[in-house]
Amino acid sequence: MKEYKIGMVGAGFMAKAHSLAYATMPMFFSPAPGIPVRYKIADLTEATAKEAAARLGFKGHAARWQDLVDDPEIDIIDIVTPNNSHAEIAVAAAKAGKHIFCEKPIARNVEEAQAMLDAVKKANVRNMLAFNYRRTPAVALAHKYIQDGAIGKIRTFRGTYLQD
């Protein structure tokens with residue numbers, strides 16, 4: 001089975017969520033389409049990256065995201081940084097031939113998003129945006145009720161994301 005080496009950029013909360021997903025994915029999808037390997041993680045400082053690598057199960061770390069993009073061993077760049085850095089990282093990763101998994105929101109504006117799309121098309125690499133709740137049963141049911149008009153005209157909406 002093919003292994004896919006992940007280079008994760010960012011070591012905050014979403015790094016924890018994505019790392020857990022990589023670790024458990026083969027248990028939920030059988031047979032697994034591939035095995036994600038938590039290969040290297042980068043953050044703003046060497047100390048933070050080193051601690052995150054140990055805590056999240058990565059084999060290595062770096063203090064610069066560019067080191068992940070330049071690493072020929074890495075197949076996928078997982079971007080879990082604030083969205084003001086997504087475009088720069090994604091465009092560089094695509095140019096380096098890396099597949100891209102990016103946390104939302106994708107960019108600060110349509111121009112950045114378009115530059116990202118243009119880069120992945122030109123490099124012919126795969127890309128994905130993390131809409132992890134899009135297909136959950138509760139969201140799908142709410143969508144159905146709205147589409148069917150079963151709950152009337154939506155005038156306002158308030159949602160809460162409860163975790164930890």
Side-chain angles (χ1 to χ4, degrees), residues 1-107 112-140 143 161 163-164:
M1 177 155 320
K2 178 156 175 50
E3 291 187 341
Y4 294 92
K5 293 180 179 168
I6 310 296
M8 186 173 291
V9 184
F13 175 79
M14 288 314 297
K16 181 173 35 171
H18 285 219
S19 297
L20 179 62
Y22 290 132
T24 60
M25 184 278 291
M27 290 183 248
F28 290 96
F29 297 96
S30 181
I35 301 298
V37 175
R38 288 164 288 160
Y39 188 71
K40 227 178 243 187
I41 189 167
D43 205 61
L44 296 175
T45 69
E46 182 81 19
T48 305
K50 184 176 182 180
E51 185 278 329
R55 181 172 41 89
L56 301 174
F58 283 80
K59 295 178 183 213
H61 66 279
R64 295 172 5 102
W65 64 261
Q66 294 89 340
D67 294 338
L68 303 184
V69 169
D70 294 339
D71 189 330
E73 292 292 314
I74 293 175
D75 301 301
I76 300 168
I77 297 293
D78 185 348
I79 305 169
V80 291
T81 58
N83 66 316
N84 66 340
S85 62
H86 289 182
E88 180 183 14
I89 298 166
V91 168
K95 286 180 180 176
K98 311 292 185 196
H99 303 293
I100 300 162
F101 181 33
C102 188
E103 189 54 55
K104 63 196 163 308
I106 191 167
E112 286 182 353
Q114 187 65 55
M116 295 165 76
L117 179 61
D118 293 345
V120 298
K121 283 183 174 180
K122 184 175 182 181
N124 196 31
V125 295
R126 294 183 184 260
N127 64 96
M128 187 173 106
L129 186 61
F131 283 118
N132 51 320
Y133 291 106
R134 187 174 182 193
R135 303 278 184 227
T136 59
V139 172
H143 181 258
Y161 176 70
Q163 186 160 327
D164 286 350

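All of these numbers come straight from a predicted model, not from anything done at the bench.
Heavy atoms only, all atoms of each residue included: Glu103 and His86 are closest at O-CE1, 3.0 Å. Across Ala32 and Met1, no two heavy atoms sit closer than the pair O-SD, 3.1 Å. Of all the heavy atoms in Met25 and Gly34, the pair that sits closest is CE-O, 3.1 Å. Here the closest non-hydrogen pair linking Gly60 and Ala53 is O-CB, 3.6 Å. Here the closest heavy-atom approach between residue Ala11 and residue Ala52 is recorded as CB-CB, 3.5 Å. The two atoms that bring Ile100 and Ala90 nearest to each other are CD1-O, 3.2 Å, heavy atoms only.
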Taking it one step at a time, do Leu56 and Arg38 satisfy side chain to side chain contact (heavy atoms under 4.5 Å, CB included)? CA-CA 8 Å; Leu56 301 174; Arg38 288 164 288 160; 5.7 Å; no

Stepwise side chain to side chain donor-acceptor pair (under 3.5 Å) test for His61 and Glu46: CA-CA 8 Å; His61 66 279; Glu46 182 81 19; 2.7 Å; yes

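Residues Trp65 and Thr81 form no side-chain contact, since every pair of their non-hydrogen atoms from C-beta on lies 4.5 Å or further apart. In this structure, Ile35 and Pro26 have side chains that are in contact, with non-hydrogen atoms separated by less than 4.5 Å. Side-chain atoms of Lys98 and Ile74, non-hydrogen and from C-beta on, do get closer than 4.5 Å to each other. For the pair Phe101/Ile6, no side-chain contact is recorded, criterion being any heavy-atom separation below 4.5 Å from C-beta on.
Judged by distance alone, the side chain of Lys40 and the main-chain N or O of Ala62 form no donor-acceptor pair under 3.5 Å. At least one donor-acceptor pair under 3.5 Å links the side chain of Lys104 to the backbone N or O of Ala130. When atom types are taken as modelled, the side chain of Lys16 and the backbone of Arg55 share no donor-acceptor pair closer than 3.5 angstrom. When atom types are taken as modelled, the side chain of Asp43 and the backbone of Thr48 share no donor-acceptor pair closer than 3.5 angstrom. The closest donor-acceptor contact from the side chain of Asn83 to the backbone of Ile106 lies at 3.5 Å or more, if one exists at all.
Of the inter-residue distances, the one linking Cys102 atom SG with Ile89 atom CD1 reads 8.0 Å to the nearest 0.5 angstrom. Atom CG in Leu68 sits 13.5 Å away from atom NZ in Lys5 (nearest 0.5 Å). In this structure, CG in Asp78 is found 8.5 Å from CE in Met128, a value given to the nearest 0.5 Å. Note that CE of Met8 and CD1 of Ile77 are 10.5 Å apart. Values are rounded to the nearest 0.5 Å. Rounding to the nearest 0.5 Å gives a distance of 4.5 Å between CG of Asp75 and NZ of Lys2. Atom-to-atom distance recorded for His18:NE2 and Ile41:CD1 is 11.0 Å, nearest 0.5 angstrom.
Other residues, nucleotides and ligands place more than 12 heavy atoms under 6.0 Å from the CG atom of Asn84.
Ring-centre distance between His99 and Tyr4: not below the 6.0 Å cut-off.
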